[in-house]
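This report refers to the structure that appears directly beneath it.
No hydrogens, no waters, no symmetry mates; every other heavy atom, side chains included, goes into these values. Just so it is clear, the structure is predicted and the values come from calculations on it, not from any experiment.
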Amino acid sequence: MKVLVATEKPFAKVAIDGIKNVIDQAGYELVLLEKYTDKAQLLEAVADANAIIIRSDIVDAEVLAAAKELKIVVRAGAGYDNVDLQAATAAGVCVMNTPGQNANAVAELALGMMVYGVRNLYNGTSGTELMGKKLGIHAYGNVGRNVARIAKGFGMDIYAFDAYCPKEVIEKDGVTAVDSVEELYSTCNVVSLHIPATAETKNSINYDLLNKMPKGAMLVNTARKEVINEAEVIKLMEDRTDFRYMTDIMPATHAEFAEKFAGRYFSTPKKMGAQTAEANINAGIAAANQIVGFLRDGINKFQVNK
Ligand code: 3PG
């Protein structure tokens, strides 16, 4: 069996060593395609792969059609909006993610970006503190829960909204569960986004919603750029000079944001929430184990295209 690791943004070397160990022990062969720059390289590499480990790499119908021997794709991470699930199902390919494995890394970055934002991007001027401020966690999944845990240490007052998570689960963590997205935004000084990119959420973070936030508000995005209505966020930040936007997913209109909102806008050059040795090891090795479990024993626990 041939297992391909296809990562435009590579894992840390220790994670590759761990993945290799799992694949070797199963008697399979590991092939690496890292830092590729062209889709043609991916199309060529998948031709004889039985299993593929990816990160945010795009696996669309064309990639699936080129992967004639493919049985399983594991997205080493949480969001699988980069995989064409319908095409995979039609091709008889199992798609999995590795939920929770990189959640702490993303949550730590979210808090780091909050501190960076309220301290005026470390420019030497007087900022504000997170303690006592109201934090809104938009979607209470694995990352949201970790954000709540860490934010408690900062002494923040924590609120969350999640249409799919029972209120009792949220409140058990000492977090106030609010009834609507609107209530979350109108209540909180800082909102941290943890929603997936779906047909329902795309462009949903818009002018009207963000304009409900109190004066001096800040939005932190370690989720997906697609959930942001960029044109409306630009308009909002023009109208509200108190509003700050910190993002780990560079907007399509980054140049415009950077030029217009210097000092209250920041984007990482490349998504780095999950870019830690620990997260790479956790998610990479989980992906390798899930592949072996599926190919050898038919275990499909984390399949997302059932
Ligand atoms: C995820 O969905 O797991 C995160 O967005 C991390 O993505 P990455 O593996 O491309 O860094």
Checklist entry - Is Glu69 paired with Lys2 through a side-chain N to carboxylate O contact shorter than 4.0 Å? => result no
Checklist entry - Less than 4.0 Å between a side-chain N and a carboxylate O, is that true for Lys167 and Asp179? => result yes
Item to check | Ionic contact status for Asp60 with Lys39, cut-off 4.0 Å | outcome: yes
Item to check | Between Ser56 and Asn82, a side-chain donor and acceptor under 3.5 Å | outcome: no
Checklist entry - Can you name the one residue among Asn221, Leu219, Val227, Leu193 that meets side chain to side chain contact (heavy atoms under 4.5 Å, CB included) with His138? => result Leu193
Checklist entry - With no hydrogens and no angle check, do the side chains of Gln41 and Thr37 hold a donor and an acceptor under 3.5 Å apart? => result yes
Item to check | Pair Glu238 + Lys260: basic N to acidic O under 4.0 Å | outcome: yes
Item to check | Distance-only side-chain donor-acceptor flag, Asp57 / Tyr36, under 3.5 Å | outcome: yes
Item to check | Donor-acceptor pair, side chain of Lys9 and main chain of Lys271, under 3.5 angstrom | outcome: yes
Checklist entry - Would you say Gln101's side chain and Ala286's backbone share a donor-acceptor pair under 3.5 angstrom? => result no
Next on the checklist: With no hydrogens and no angle check, just 3.5 Å: does a side-chain donor-acceptor pair link Asn305 and Gln303?
Outcome noted: yes
Item to check | Pair Glu108, Asn104: side-chain N/O donor-acceptor within cut-off below 3.5 Å | outcome: yes
Checklist entry - Sub-3.5 Å donor-acceptor pair from the side chain of Lys133 to the main-chain atoms of Glu129, do we have one? => result yes
Next on the checklist: Check this for me, if you would: do Glu8 and Lys270 make a salt bridge, where the nitrogen-to-carboxylate-oxygen distance has to be below 4.0 angstrom?
Outcome noted: yes
Next on the checklist: Centroid separation under 6.0 Å, is that true for the rings of Phe261 and Tyr245?
Outcome noted: no
Next on the checklist: Between Asp208 and Lys212 (salt bridge meaning N to carboxylate O under 4.0 Å), is one present in this structure?
Outcome noted: no
